[in-house]
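Below is one structure, written out as structure tokens; comments come after it.
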Amino acid sequence: MEKQLLSLLRQMTLDEKIAQMLQLATPFFKGADDEGMITGPMAQMGVTEQQVQNAGSVLGLSGARQVINIQQAHLNHNRLGIPLLVMSDIVHGFKTIFPVPLAIGCSWDPELAEKSAEIAAREAAVSGVHVTYAPMVDLVRDPRWGRVMESTGEDPYLNSLFARAFVRGFQGKNLTEDTDRVAACVKHFAAYGAVEAGRDYNTVDLSERQLREYYLPAYKAALDEGCEMVMTSFNTVDGIPASGNRWLLRKLLREEWGFDGVVISDWGAVKELIPHGVAADEAEAAYKAVRAGVDIEMMTPCYVRHLAKLVENGDVEERLIDEAVLRILRLKQKLGLFENPLRGADPQREREIVFCEAHRAVSRELATKSCVLLKNDNVLPLSKEQRIALIGPFARSGDILGSWSWQGSQEDAVSLYEGMASKMEVSRLLVAEGCGVETRGTEEQRSEALAAAREADVIVLALGEHSGMSGEASCRADIRLPQAQLELIQELKPLNKPTVAVLFNGRPLDLHGLVDEVDAVLEAWFPGSEGGAAVADLLFGEARPSGRLTMSFPYSVGQVPVYYNAYNTGRPHVPDAPDHYVSKYLDIPNEPLFPFGFGLTYTTFEYGEPRLSADEMTEDRPLTVSVRVTNTGPLPGEEVVQLYIRDLAGDVVRPIKELKDFRKISLEPGETAEVAFTISERQLRYYHSDLTYASDAGEFRVYVGPNSRDAAELRFRLTKKREAGDPAWQ
């Protein structure tokens, strides 16, 4: 097949090859009128009809019948019969929408995450999609950034586990034979989650050591799992935008990591080299992007307008074009498109598979496991015999899918009201909107809410952000609940009714004005198509909360970025210590309101004293740390037992804690489980000042507990063979 691809490449003209490197949105393939005149978006971009006929890929196209029609028309007009690659943003579901990825991370369940990606792939593939722009594995620490909802959190180890799981789910084991899978595209390469001020498309400025230590591991994990494509990020990396960064794409990605798949720019990112200030015009943008290693330019025409001239002038070697096109053709071959250009697109199977009951059941299961119980003062679970006032802008709303739920339908989503009404007498469930998401609402709406609350035994507040308040280009400087909702809480407070807040949102929030005013807080995130049913299962105790935070909730936006694996500083603040000249705020705590790993359930767990198998480790003799965990409460429950390590003296400053492992266990009331972790020398390695990746001999702390804050501590020592020139204290 490689010989056939090379033969095909030799038959292509330079213009045809360059067109393979162009990706256009769906309207371009419907954009010529009866006289063949270019209209609509094609006219604005200056793309010719011939370039469209030779384009290599399309984005935003789906629906089996539409894909079949456009692919067949494309093949009829393409001189060499090269099929289109069909790509789309299938981020957390196709038509069956799963919780947003940040919520999926909070499940601490990579196997179920993999299952969600498998289902998303099946629905997308039967609808004609070949490649998904997922997973997004950017490490995130700033909840002001709207795109934190696309990530699985602030920890590189956990993000790496989920990166692998999503790739396995999307791609399966054999893309050629398994037409119910799609190729994955990991994004955004690299370090997009570190944008300054939490503002989209903004600058990133990191040392290479920080980049390698925290931000690169999840991308590498996705590629090690076989991810077929990489998308460049909008941001700079060491002062150079990713789409024109030769060190990032050629040296690191291609040479060091050995990636030989396709690299695609994000939407418009090649031309954006001009406003970034590293290219004077489109020609220079094309020159820098192709030399950096961008194979496909998404939705700007720099390549098709200028690469041919750059090759003719000797500024760009044609072999760079050939290499890029060959990678694109290989992906088409791996997907089986030359033999079957329509691949999995099947209108009949599409009707049977998409949004089927089996898929929705998995969405419901994952939503229940993704919700995080942040507070519960003996209010939850609710009784079906209680009179319940369900109040708030999300009481009946289907706007619970979140951003990047492209084919999802709010009308198909199970609202919280529908979920609760299915479990109790409707006459006992009093519903009132009270206010809008961002608007105070009418006096009649407020009065209706107060009347319902007065009649009720317990109030359930359905609050949060609408889907447009998080996601791409949805950054917020004030991450509190909107003022209208805070005012609603204050109006209901004097009734002194037990109150539960259910939050629908795409980021950690500043919960001032809420957390101290209610008796329970359930973080539901944007839970997907079955969200209302899943939340109702949890509220009534038919399912039990087991989610744990993978991104810290700040005490105040003034702390941001705030994350658990921070450095200690030379003047660390010790709580309750009187010292003034230490690293602390005068007006708020240093610590987040809810830390990484935190989450409650409807029972209680007691940890015994952890034990180490020895107090000394060598390079070839690992240690075991074990702890007994007992369910001391009245109900069954799931606990996430977490293992953290700290290197007390390194070549460079080391974090105060780093997650190294975890176990999810289910215990009946009174049941005890012995949980054991193996700690190896490999887990103690990190990037040194010279970028070598190794461990250091010396003292370590190990922590075992239910979250990053509340963990018992032990100590051990790593002993290594001393080499000539090593300092005596090592």
Check: P241 and V278 side chains under 4.5 Å, non-hydrogen atoms: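 With C-beta onward as the side chain, the pair touches.
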Is the shortest heavy-atom distance from the side chain of Y133 to the side chain of D266 under 4.5 Å?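 They are not in contact (no side-chain heavy atoms under 4.5 Å apart), so the answer is no.
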Is the shortest distance from a Lys or Arg side-chain nitrogen in [X] or [Y] to a carboxylate oxygen in the other one below 4.0 Å?
X: R663; Y: E639; result: no
X: E638; Y: R548; result: no
X: D224; Y: R164; result: yes

Determine whether a donor-acceptor pair (N or O, by modelled atom type, separation under 3.5 Å) exists between the side chain of [X] and the backbone of [Y].
X: R507; Y: R144; value: yes
X: N202; Y: E196; value: yes
X: E225; Y: A163; value: no
X: Q642; Y: P706; value: yes
X: Q559; Y: P589; value: yes
X: T152; Y: G105; value: no
X: H276; Y: A269; value: no
X: D89; Y: W404; value: no
X: R476; Y: R480; value: yes
X: D142; Y: G198; value: yes

Check: [X] ring centre within less than 6.0 Å of [Y] ring centre:
X: W108; Y: F596; value: yes
X: F677; Y: F662; value: no
X: Y219; Y: W257; value: no
X: F526; Y: H92; value: no

Between [Y] and [X], do the side chains contain a donor N or O and an acceptor N or O under 3.5 Å apart?
X: E154; Y: S552; result: yes
X: D510; Y: H512; result: yes
X: S583; Y: T569; result: no
X: H188; Y: D138; result: yes
X: S626; Y: R611; result: yes

Do R654's NZ or CZ and the ring of Y686 fall within the cation-pi criteria of under 6.0 Å and 45°?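 The answer is yes, since R654 meets both limits relative to Y686.
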Ring-face cation contact, F259 with R254, 6.0 Å cut, 45° max: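 No cation-pi geometry.
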Measuring from atom [atom1] of [X] to atom [atom2] of [Y], what distance do you get when rounded to the nearest 0.5 angstrom?
X: D587; Y: Y555; atom1: CG; atom2: OH; value: 9.0 Å
X: L248; Y: D238; atom1: CG; atom2: CG; value: 10.0 Å
X: N159; Y: T550; atom1: CG; atom2: OG1; value: 7.5 Å
X: E208; Y: Y215; atom1: CD; atom2: OH; value: 15.0 Å
X: L514; Y: L481; atom1: CG; atom2: CG; value: 5.5 Å
X: F594; Y: L509; atom1: CZ; atom2: CG; value: 11.5 Å

Heavy-atom pair with the smallest gap, counting every atom of [X] and [Y]:
X: A184; Y: V167; result: CB-CG2, 4.4 Å
X: N565; Y: K657; result: CB-O, 3.2 Å
X: D579; Y: K584; result: O-NZ, 3.2 Å

Which residue in the set E118, E114, E111 passes salt bridge (charged side-chain N to carboxylate O under 4.0 Å, His left out) when paired with R168?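 Passing option: E114.
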Start with the C-alpha gap between D651 and Y687, add the side-chain angles, then the distance that decides, and say whether side-chain hydrogen bond (donor to acceptor under 3.5 Å, both in side chains) holds. CA-CA 9 Å; D651 174 64; Y687 284 96; over 6 Å; no
Given the rule in the side-chain hydrogen bond (donor to acceptor under 3.5 Å, both in side chains) test, do N505 and E523 qualify, once you have shown the distances and angles that lead to the verdict? CA-CA 8 Å; N505 47 286; E523 175 55 80; 3.1 Å; yes
Which one of D109, I104, L538 satisfies the side chain to side chain contact (heavy atoms under 4.5 Å, CB included) criterion with K369?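 Answer to the side chain to side chain contact (heavy atoms under 4.5 Å, CB included) test with K369 among D109, I104, L538: D109.
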